[in-house]
Student: 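Please read through the structure below; I'll follow up with questions.
A, B, ... follow the sequence lines: proteins, then strands. Residue 1 opens every chain. In what follows, every heavy atom counts, from backbone to side chain, and hydrogens, waters and symmetry copies are set aside.
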2 protein chains.
Amino acid sequence: MDRIDRKLLNLLQRDASRTNAHMADEVGLSPSSCLRRIRRLRQAGIIDRVVAILNPAKAGRRLRAVVTVELRLHGEPNTRQFLDLAAREEAVIQAHAVTGEVDAILMLRLRDMEEYDALCHRLFQGRTNVARYWTMMVIRTAKDETAIPL
Amino acid sequence: MDRIDRKLLNLLQRDASRTNAHMADEVGLSPSSCLRRIRRLRQAGIIDRVVAILNPAKAGRRLRAVVTVELRLHGEPNTRQFLDLAAREEAVIQAHAVTGEVDAILMLRLRDMEEYDALCHRLFQGRTNVARYWTMMVIRTAKDETAIPL
DNA sequence: CTCAGAATGCAATAAAATTGCACGGATGTG
DNA sequence: CACATCCGTGCAATTTTATTGCATTCTGAG
């Protein structure tokens with residue numbers, strides 16, 4: 001993992017659709033060398049996968065929300081059970097167990113408020129293990145990266 | 001945006017490294033038709049970009065945290081100023097203004113606690129506009145998608 | 001300094017993407 | 001219902017890109 005690897009990873013984290021020859025130019029290597037490095041980074045699992053990022057609005061998911069959740073019954077099996085339940089919801093993009101005043105945090109991608117309402121009913125109301133929950137609707141996004149700083 | 005487009009987008013959101021011919025097979029189209037659809041989805045901006053997703057641990061960013069922030073001075077210019085400040089930090093992956101009991105929420109990718117400490121000093125202490133902040137360190141992740149449900 | 005292992009560049013080859021073109025199905029109109 | 005038009009499709013030719021073998025160069029340990 002030298003300087004060139006880092007440079008390649010940074011390029012790939014922003015735009016993985018460039019041709020290998022172009023990438024080689026950027027880092028000052030021959031196409032074959034460049035390709036072999038990228039392949040090595042993939043096989044080592046440093047590059048986990050390559051994905052397409054959609055425009056949320058154009059994909060019909062304008063709303064974004066963060067929900068913090070306090071459970072009634074804390075501890076390992078209960079937390080896991082709730083997270084698994086949440087993970088099954090397609091609107092739930094991320095589900096984490098966390099430290100702090102709450103037990104879990106969910107990131108949502110929503111079509112509209114109707115979907116939010118329905119989701120809350122399924123996850124938070126009825127006979128679920130949720131004591132309280134706090135919803136933060138995203139008003140404005142100043143930064144939104146998938147890239148991990150190196 | 002018919003059924004085939006949605007299928008293509010779902011495939012690309014999980015793995016955009018497949019060959020066009022493979023994708024064509026998956027959706028039951030010829031390679032040329034498949035390619036033209038993908039190109040159209042890109043030009044329409046539905047596909048925003050294609051990126052490499054790294055393994056956080058192998059990239060040296062084992063720690064993940066969510067921080068909610070209450071500002072001293074609320075309202076538009078102050079919130080924007082704080083978000084811009086936060087966005088300049090490389091450990092800050094996402095920065096949002098939100099509704100609810102807090103004003104902003106930050107997603108962090110951290111190397112270690114030392115980096116967290118330094119970041120807190122820069123963003124939350126001293127003469128910044130932050131009244132209080134709550135850190136939730138991610139213990140376990142049950143779901144972590146970049147894909148937007150269609 | 002010397003040697004072994006790893007990385008590199010070049011050129012040939014294989015694979016993939018891209019394009020032109022003709023066909024077929026859906027839609028709208030007289 | 002016949003007809004013209006438009007859009008998407010598949011095939012095959014072409015161009016571009018990825019991949020590999022091999023000789024050379026670089027790097028680090030002893």
Side-chain angles (χ1 to χ4, degrees), chain A residues 1-62 111 145-150, chain B residues 1-62 90 111-112 145-150:
Chain A
M1 265 279 277
D2 59 0
R3 209 183 53 85
I4 294 181
D5 279 345
R6 262 187 292 278
K7 206 166 174 182
L8 277 174
L9 288 173
N10 273 328
L11 289 170
L12 289 169
Q13 284 195 108
R14 317 288 165 187
D15 179 7
S17 69
R18 273 169 290 203
T19 67
N20 180 54
H22 192 294
M23 300 272 309
D25 261 2
E26 296 265 359
V27 300
L29 279 182
S30 71
S32 55
S33 263
C34 181
L35 186 71
R36 277 186 277 248
R37 271 174 183 264
I38 293 174
R39 192 189 301 158
R40 185 161 42 73
L41 290 168
R42 257 214 225 217
Q43 283 178 340
I46 298 173
I47 296 175
D48 184 54
R49 61 197 199 279
V50 176
V51 302
I53 303 292
L54 306 193
N55 179 320
K58 291 183 179 170
R61 296 266 166 184
R62 282 176 176 72
R111 209 175 289 283
E145 300 251 328
T146 51
I148 290 172
L150 297 175
Chain B
M1 266 279 278
D2 59 359
R3 209 181 52 83
I4 295 181
D5 279 346
R6 262 186 292 279
K7 206 166 174 182
L8 278 174
L9 288 174
N10 273 329
L11 289 170
L12 289 168
Q13 283 196 108
R14 316 288 164 186
D15 179 7
S17 70
R18 274 170 290 202
T19 67
N20 180 53
H22 192 296
M23 300 272 310
D25 262 2
E26 296 265 358
V27 301
L29 278 183
S30 72
S32 55
S33 263
C34 181
L35 186 72
R36 277 187 276 248
R37 271 175 184 264
I38 293 174
R39 192 190 302 158
R40 185 161 40 74
L41 289 168
R42 258 216 223 214
Q43 285 177 339
I46 298 172
I47 297 175
D48 184 53
R49 60 197 200 278
V50 175
V51 302
I53 303 293
L54 306 193
N55 179 320
K58 291 183 179 170
R61 296 267 166 183
R62 283 177 176 71
E90 67 166 12
R111 208 175 289 284
D112 48 40
E145 300 250 328
T146 52
I148 290 172
L150 296 176

Student: Starting from P on D:dT9, measure out to CE on B:Met23 and report it in whole angstrom.
Tutor: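 Checked: the CE to P distance equals 14 Å.
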Student: Round to the nearest Å and state the distance from A:Asp2 atom CG to D:dC26 atom P.
Tutor: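 Interatomic distance, CG of A:Asp2 to P of D:dC26: 16 Å.
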Student: How would you label the contact of B:Arg37 with the nucleic acid (heavy atoms, under 4.0 Å): base, sugar-phosphate, or nothing?
Tutor: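 Counting heavy atoms under 4.0 Å across all strands, the contact made by B:Arg37 is with sugar-phosphate only.
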Student: Is there a donor and acceptor pair, one atom on the side chain of B:Arg40 and one on the base of D:dG8, closer than 3.5 Å?
Tutor: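 Side chain to base: no pair below 3.5 Å.
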Student: Given atom CG of A:Leu35 and atom P of C:dG9, what is their separation to the nearest angstrom?
Tutor: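 In whole Å, C:dG9 P and A:Leu35 CG are 13 Å from each other.
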Student: To the nearest Å, give me how far apart CD1 (A:Ile4) and P (C:dA6) are.
Tutor: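 These atoms are roughly 18 Å apart.
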Student: Choosing from D:dT19, C:dT19, C:dA17, which nucleotide comes nearest the side chain of B:Ser32?
Tutor: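 Closest nucleotide to the B:Ser32 side chain: C:dT19.
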Student: In whole Å, I'd like the distance from the CZ atom of B:Arg39 to the C1' atom of D:dC7.
Tutor: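 In whole Å, D:dC7 C1' lies 15 Å from B:Arg39 CZ.
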Student: Output yes when a side-chain donor or acceptor of A:Asn55 lies under 3.5 Å from a complementary backbone atom of B:Asp48, and no otherwise.
Tutor: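 Pair absent, no side-chain N/O of A:Asn55 close to backbone of B:Asp48.
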Student: Tell whether B:Ser33 reaches the base of D:dG8 with its side chain through a donor-acceptor pair below 3.5 angstrom.
Tutor: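 No, the side chain and the base share no sub-3.5 Å donor-acceptor pair.
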Student: Please report the interatomic distance CG(A:Leu41) to CZ(A:Arg36), rounded to the nearest 0.5 Å.
Tutor: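 If we round to the nearest 0.5 Å, A:Leu41:CG and A:Arg36:CZ are 14.0 Å apart.
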Student: Look at the side chain of A:Ser30 and decide which nucleotide, out of D:dC11, C:dA17, C:dT8, has an atom nearest to it.
Tutor: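 Nucleotide nearest to A:Ser30's side chain: C:dT8.
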Student: Is A:Ile53 close to B:Val50 at the side-chain level, that is, under 4.5 Å between some pair of heavy atoms?
Tutor: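 When only atoms from C-beta onward are counted, A:Ile53 and B:Val50 do not touch, as no gap falls below 4.5 Å.
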Student: Please name all residues satisfying side chain to side chain contact (heavy atoms under 4.5 Å, CB included) with A:Ala21, sequence neighbours left out, ordered by chain then number.
Tutor: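 Counting only residues at least two positions away or on another chain, A:Ala21 forms a side chain to side chain contact (heavy atoms under 4.5 Å, CB included) with A:Thr19.
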Student: Atom CG of B:Asn20 and atom C1' of D:dG10: how far apart are they, to the nearest Å?
Tutor: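 Distance, rounded to whole Å: 13 Å.
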Student: To the nearest angstrom, how far is A:Arg18 atom CZ from D:dT16 atom C1'?
Tutor: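 One finds 18 Å between C1' of D:dT16 and CZ of A:Arg18, rounded.
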Student: Measuring from atom CG of A:Leu54 to atom CG of B:Leu9, what distance do you get when rounded to the nearest 0.5 angstrom?
Tutor: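 It is 5.5 Å, given to the nearest 0.5 Å.
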Student: Could you work out which one of C:dT18, D:dT9, D:dT19 sits closest to the side chain of B:Leu29?
Tutor: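 For the B:Leu29 side chain, the nearest candidate turns out to be D:dT9.
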Student: Which whole-number value in Å describes the distance from A:Ile38 CD1 to D:dT20 C1'?
Tutor: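 It works out to 16 Å between those atoms.
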Student: Does A:Arg36 reach a base, just sugar-phosphate, or nothing at all? Heavy atoms under 4.0 Å.
Tutor: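 Counting heavy atoms under 4.0 Å across all strands, the contact made by A:Arg36 includes a base.
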